[in-house]
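These notes concern the structure reproduced below.
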Amino acid sequence: MALDYFAPGVYVEEVDRGSRPIDGVSLSVGGFIGFTEDVRGDAELFKPMLVTNWNQYLEAFAKPGSDGFTDFDAYLPFAVNGWFMNGGGRCWVTSIGTRLPGSPVPPPEDTGHKLMTSSGKPALRFNLQVAEASDAPALPPAGGSRVRVVVTDGEPKPLGDDADEDAEPPLNTGEFFTVIVTQNGEELERYPNLTMNPEPEADVADYVVTALADSEYVTLADISVSGQALSRRPANGIYEVAPPPYISPEGRLSRDIQGQRDDRTGMQGMFEVDEAAMIAFPDLMRVYQNGLMDMDQVHGVMESMLSMCENSFPGPAYRMAVLDAPPVKPGKSMDPVAPEQQKPQDVAQWLSLFNRRSMFGALYYPWIKVANPRNAGRPIMVPPCGHMMGIWCRTDESRGVFKAPANETPRGVIGLSYETNMREQELLNPMGINCIRNFANYQRGLKVWGARTLVEPDNVQWRYISVRRLLSYIEKSIEIGTQWVVFEPNDQDLWARVSRTVSNFLERLWREGALFGASPAEAFYVKCDGELNTHETMMLGRLYVEVGVCPVRPAEFVIFRISQWAPNQ
């Protein structure tokens with residue numbers, strides 16, 4: 001309202017009395033933790049990086065011109081590739097290294113960047129200058145430690161002041177070039193008048209290896225074959241030189257995985273990304289299979305994932321962790337076995353041993369068979385978490401978050417490590433273990449045949465993934481969509497506006513099929529009145545709104561009752 005009215009006239013004032021629509025949040029953003037082939041560009045080791053397609057993944061976590069997979073068969077690239085193949089969109093990727101902990105340090109010739117001639121033959125190899133090794137554990141390199149080497153055209157040295165007046169300048173044969181070392185767009189070093197000739201005339205050019213011997217940033221090796229200096233000259237271009245791979249000691253692996261919240265690193269850094277709503281750690285199985293963690297340590301990481309999903313203070317919990325069953329036969333040894341050797345009773349015994357229940361977790365069995373580009377396309381068994389999360393995202397986009405992500409075909413899967421039958425699934429399904437099955441007899445192919453959470457079997461209210469995610473979707477959307485209410489005058493007008501805002505949002509969900517009921521009144525209710533908001537609560541600055549919804553639940557068991565019927569004559 002205007003403060004003063006002195007002169008006669010018409011005054012137009014804007015008054016905000018309508019409700020503000022609530023826009024639904026996205027729960028279709030994934031988060032992956034594991035090993036990658038490389039960490040380059042804008043990506044940093046241990047820190048989450050946003051990736052929106054497979055090409056972006058290759059730019060950040062693969063070597064130039066590579067397929068993105070690793071020589072030690074890390075599971076993260078398979079999971080991320082399966083995520084995108086099955087309909088996943090945005091995801092965050094955290095690399096915890098490019099080598100398994102305890103791996104031997106690769107020689108410089110394997111880690112340096114090789115420069116080629118214009119004809120494709122080896123010319124030079126650049127390595128990043130690193131500090132002398134010490135007895136202290138190696139720490140990850142800083143994100144800005146990479147440099148770029150720029151090779152451009154050059155020319156011979158100009159004549160000096162003491163040269164004869166009749167002397168002719170050296171002939172530019174095309175063999176000369178210039179090397180510039182840059183970092184983050186800033187020029188660090190420049191070396192002009194270079195040649196590949198090991199014994200050049202001092203007043204004409206400098207041998208490239210000799211000229212760069214005192215560089216503070218790179219080391220250089222001549223890997224060219226015999227020939228003239230012109231034919232061995234490196235081709236012009238911009239080349240990125242990375243530090244040697246970070247190889248953590250085996251005793252440091254758990255700390256690297258856990259990370260630090262303040263530094264936004266490791267698993268805790270991933271949970272600081274607000275939009276990441278489904279989390280997976282496929283390479284937890286890789287470190288277990290390689291003997292870098294025992295079963296108790298694996299259980300500790302899984303417990304940490306579930307606990308962080310359950311704790312999203314101050315807002316409502318909305319993340320879910322997609323776990324993988326370790327390929328093990330429970331017993332005294334608890335040693336890993338081949339995924340195809342793990343039978344349904346084995347994974348059931350393992351889950352009883354793990355003995356951790358949560359409505360914010362999901363588990364799939366068995367492992368899936370996919371093509372391995374690093375082995376000429378031959379199949380490899382990998383954890384199914386990435387492909388399953390992609391199906392979650394695909395279902396969200398095609399149907400809605402309220403649709404159970406099941407009875408769907410996993411793309412990119414050519415087989416299963418074990419083909420579960422109906423009787424075996426009767427053992428696993430009540431425990432919350434979702435099966436991936438082959439329905440070859442029905443000519444339906446592979447199907448995801450389960451949609452349960454890892455909640456306690458008797459807690460039927462939160463049994464299904466779709467119900468848990470729908471309630472999280474509603475809670476998170478209301479939390480973000482009603483921020484405007486804070487510090488508004490707490491009166492009946494505000495109560496009515498809040499009720500309309502939330503009711504309109506829920507009615508839209510009901511019309512989309514997310515809530516059960518023949519009418520909005522049967523599907524949900526919103527209560528915000530004087531009964532909830534008494535004088536005492538208003539004195540404390542509190543506004544209470546009670547919301548009840550009736551979510552739709554999947555038809556997990558479809559029962560047809562058929563009998564003979566004879567109509568009356």
Side-chain angles (χ1 to χ4, degrees), residues 32-40 43-49 60-63 69-77 79 93-112 127-146 219 241-272 279-305 308 324 326-328 333-336 383:
F32 295 93
I33 306 169
F35 297 101
T36 59
E37 184 188 29
D38 200 358
V39 180
R40 61 190 183 95
E44 295 185 50
L45 198 64
F46 301 125
K47 293 192 175 181
M49 170 79 176
F61 298 105
K63 295 179 179 178
F69 298 87
T70 66
D71 294 332
F72 58 94
D73 291 335
Y75 293 136
L76 176 68
V93 178
T94 296
S95 175
I96 58 174
T98 58
R99 296 287 193 281
L100 289 174
S103 300
V105 178
E109 52 267 22
D110 291 343
T111 60
N127 288 83
L128 198 69
Q129 191 77 263
V130 295
E132 295 293 330
S134 64
D135 296 333
L139 295 176
S145 61
R146 293 169 176 257
T219 60
V241 183
Y246 168 69
I247 302 176
S248 67
E250 293 186 20
R252 188 184 172 87
L253 177 59
S254 297
R255 284 186 292 171
D256 288 343
I257 292 174
Q258 193 68 18
Q260 295 183 4
R261 182 175 183 178
D262 294 340
D263 297 335
R264 303 294 194 270
T265 59
M267 188 182 300
Q268 296 201 47
M270 179 62 73
F271 278 86
E272 289 298 306
I279 310 294
F281 187 3
D283 276 323
L284 181 61
M285 300 296 103
R286 171 51 65 203
V287 298
Y288 171 67
Q289 288 179 301
N290 285 66
L292 302 173
M293 278 188 171
D294 58 28
M295 185 55 68
D296 289 335
Q297 291 173 300
V298 171
H299 289 169
V301 175
M302 291 182 174
E303 160 65 27
S304 180
M305 293 175 65
M308 284 191 281
D324 301 299
V328 63
S333 63
M334 293 296 290
D335 293 330

Side chains of R286 and L76: does their closest heavy-atom pair fall under 4.5 Å?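 Counting from C-beta outward, R286 and L76 never come under 4.5 Å.
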[X] versus [Y], closest heavy-atom pair with distance:
X	Y	result
F32	M270	O-CE, 3.4 Å
I247	L100	CG2-O, 3.7 Å
P282	P383	O-CG, 3.9 Å
M285	P327	SD-CD, 4.1 Å
D38	A62	CB-C, 3.9 Å
L284	V287	O-CG2, 3.1 Å

Check whether any side-chain N or O of [X] sits under 3.5 Å from a backbone N or O of [Y] as a donor-acceptor pair, and report yes or no.
X	Y	answer
N290	L292	no
D283	F35	yes
S248	P101	no
R264	K47	no

If we ignore angles and hydrogens, is there a donor and acceptor under 3.5 Å between the side chains of D324 and Y288?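 The answer is no; no qualifying pair exists.
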Calculate, to the nearest 0.5 Å, the distance between atoms [atom1] and [atom2] belonging to [X] and [Y] respectively.
X	Y	atom1	atom2	value
M267	D256	CE	CG	11.5 Å
D73	Q289	CG	CD	10.0 Å
Q258	M308	CD	CE	5.0 Å
T94	M49	OG1	CE	11.0 Å
I257	M293	CD1	CE	3.5 Å
Q268	F46	CD	CZ	13.5 Å

Quick one: ring-ring contact (aromatic ring centres under 6.0 Å, His included) partners of F69, sequence neighbours excluded?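 Partners of F69 by the ring-ring contact (aromatic ring centres under 6.0 Å, His included) criterion, ordered by chain and then number, come out as W54, F78.
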Under the side-chain contact (heavy atoms from CB on, under 4.5 Å) rule, what do V328 and D335 come out as? Steps first, then yes or no, please. CA-CA 6 Å; V328 63; D335 293 330; over 6 Å; no
